[in-house]
There are 2 protein chains.
Amino acid sequence: MNASPRRKELTRLAAQLFVQEGFDRTTVRMLAQEMGIKSGSLFHHFKDKQEILAAVIEEGTQNALAIARKALAECAAEPEMRLRAMARAHLETLFTDRNAHVVALFEWRRLDPAASAHLSHLRDAYEALWVAVIDDALAAGLIHGDRFLVSRFVLGALNWTVRWYDPNGPRSPDDLADELVAMIMPTPA
Amino acid sequence: MNASPRRKELTRLAAQLFVQEGFDRTTVRMLAQEMGIKSGSLFHHFKDKQEILAAVIEEGTQNALAIARKALAECAAEPEMRLRAMARAHLETLFTDRNAHVVALFEWRRLDPAASAHLSHLRDAYEALWVAVIDDALAAGLIHGDRFLVSRFVLGALNWTVRWYDPNGPRSPDDLADELVAMIMPTPA
DNA sequence: TGAGTAACCAAGCAAGCGCTAGTGTGAGTG
DNA sequence: CACTCACACTAGCGCTTGCTTGGTTACTCA
């Protein structure tokens with residue numbers, strides 16, 4: 001709904017706390033303190049604690065969509081390049097908007113049905129991009145397997161990186177993406 | 001600690017509720033009702049709400065270890081068979097003890113430090129089995145890539161199945177495991 | 001200058017939380 | 001028979017929760 005700069009900043013802070021503590025354990029008083037205001041004032045910006053969660057997830061998912069579309073628009077047409085670009089874009093958004101995405105991945109169930117329905121459309125749009133890229137790669141004989149299973153496995157492997165990957169380590173997210181693509185391609189580069 | 005049959009049954013029920021509602025949203029009163037007792041009586045079996053969580057996770061992880069060891073002991077010595085056996089074992093335990101594993105995967109952070117330290121050893125033992133199998137497969141030229149990355153990616157893809165896989169669907173967990181192994185092997189069967 | 005508004009605060013309510021204290025009760029044991 | 005002990009109950013304490021209410025401040029713009 002609203003998208004004031006103040007609200008955006010509060011949403012960013014909320015995402016951080018939700019990751020640290022989990023949605024349920026994060027109290028409105030903790031949120032308010034982190035934002036430098038009192039707990040009552042929170043409800044001037046958000047009608048609900050739920051609405052804060054929805055704002056965090058929406059923000060992250062919108063960014064993911066934007067980055068993926070941009071990456072696909074800019075990259076070459078070969079299926080291999082598109083697959084690599086998509087994997088790179090996924091990890092890029094996963095680690096630049098890390099907090100928002102961790103919340104989206106692990107606190108989705110806390111959304112009330114209305115918010116969940118609305119955000120599901122966004123997520124479906126994102127996954128549709130993936131399925132299209134996987135289909136092209138399959139058609140080109142680049143990879144093999146069931147289109148449905150392959151995309152689930154690949155997304156699972158990528159999403160799970162938030163549980164172990166250290167962005168300060170020696171490997172860049174792009175390296176990671178390339179390694180995964182190489183792993184599922186019959187012919188090593 | 002204790003392992004009375006009554007306590008085991010209560011642990012099973014708790015796992016189910018923790019999956020349905022999440023650990024934080026599951027109140028001791030809900031747990032008690034599901035178990036057919038009053039909330040106060042719960043604390044005769046467990047000293048803490050925390051201890052219930054630890055019991056659930058321990059149960060699941062012990063089973064995973066036992067099943068994986070058995071599978072490895074019974075299967076042939078070829079790296080490919082061992083890899084397939086390990087993947088199958090992983091999905092088998094993931095879906096026969098589904099509730100416990102979902103809790104272990106997504107509520108681990110709610111453990112207090114003491115319980116977490118204790119259970120980490122169990123999990124490390126399990127992951128060590130995986131790394132050994134992956135190492136053999138790499139050495140045999142069966143798959144390619146970094147040993148660390150490959151095991152993380154594979155475990156991620158497998159663990160993520162709890163988010164989308166429907167055990168009542170047409171595909172069996174064994175099919176799933178075989179498809180994943182095939183996906184990362186250069187030579188399609 | 002003064003009306004309108006976005007942002008905030010102080011105070012607190014009703015409900016729900018984990019957990020404790022004290023008390024049966026019925027089955028098993030000497 | 002007396003005794004224990006696992007198991008369950010009732011009652012409620014002390015605290016935290018999300019959220020509301022009524023009012024204040026600071027800024028914008030006609």
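None of the values given here were measured: they were computed from a predicted structure. In what follows, chains carry the letters A, B, and so on, assigned in the order in which the sequence lines appear, proteins first and then strands, with residues in each chain numbered from 1.
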message = What is the distance, to the nearest angstrom, from the NZ atom on A:K49 to the C1' atom on D:dT16?
response = 12 Å

task = Could you tell me the separation between the CD atom of B:E51 and the C1' atom of C:dC19, rounded to a whole number of Å?
result = 14 Å

Test of ring centre spacing under 6.0 Å for A:F23 and A:W108 = no

inquiry  = Regarding B:H121 and B:Y126, do their side chains bring together a donor and an acceptor under 3.5 Å, going by distance alone?
reply    = no

message = I want to check one thing: is the phosphate of C:dA7, taken as OP1 and OP2, less than 4.0 Å away from some side-chain N or O of A:S41?
response = no

task = Assess whether side chain to side chain contact (heavy atoms under 4.5 Å, CB included) is satisfied between A:L94 and A:V102, documenting all intermediate values.
result = CA-CA 8 Å; A:L94 207 56; A:V102 169; over 6 Å; no

note = Walking DNA chain C from its 5' end, the first of B:Q50 and A:G36 to be reached, judged by nearest nucleotide, is A:G36

Contacting residues from residues 8-34 of chain A, given that a heavy atom lies under 4.0 angstrom of DNA chain C = A:R29

ask   = For the ring pair B:F153 and A:F153, is the centre-to-centre distance below 6.0 Å?
value = no

ask   = How long is the line joining NE2 of B:H45 and P of D:dA8, in whole Å?
value = 4 Å

ask   = For the pair made of CG in A:D48 and P in D:dT20, what is the distance, rounded to whole Å?
value = 8 Å

note = In whole angstroms, the gap separating P of D:dT17 from CG of A:L42 amounts to 14 Å

task = May I ask you to check whether A:N159 and A:H90 show a side-chain donor-acceptor distance below 3.5 Å?
result = yes

query = Does any non-hydrogen side-chain atom of B:L111 lie less than 4.5 Å from one of B:L53?
reply = yes

message = Is the phosphate of D:dA8 approached by B:H44 (side-chain N or O, under 4.0 Å from OP1 or OP2)?
response = no

d(CZ, A:F46; C1', D:dC19) in whole Å = 15 Å

request  = Return the value, rounded to whole Å, for the distance between atom CZ of A:F43 and atom P of D:dG23.
outcome  = 21 Å

inquiry  = For a quick check of understanding: with a heavy-atom distance under 4.0 Å over all strands, which category does B:K38 fall into, base, sugar-phosphate or nothing?
reply    = base

request  = Measure from the ring center of A:Y165 to the ring center of A:W160 and say whether it is less than 6.0 Å.
outcome  = no

Distance in angstrom units between B:I37 CD1 and D:dC7 P, rounded = 10 Å

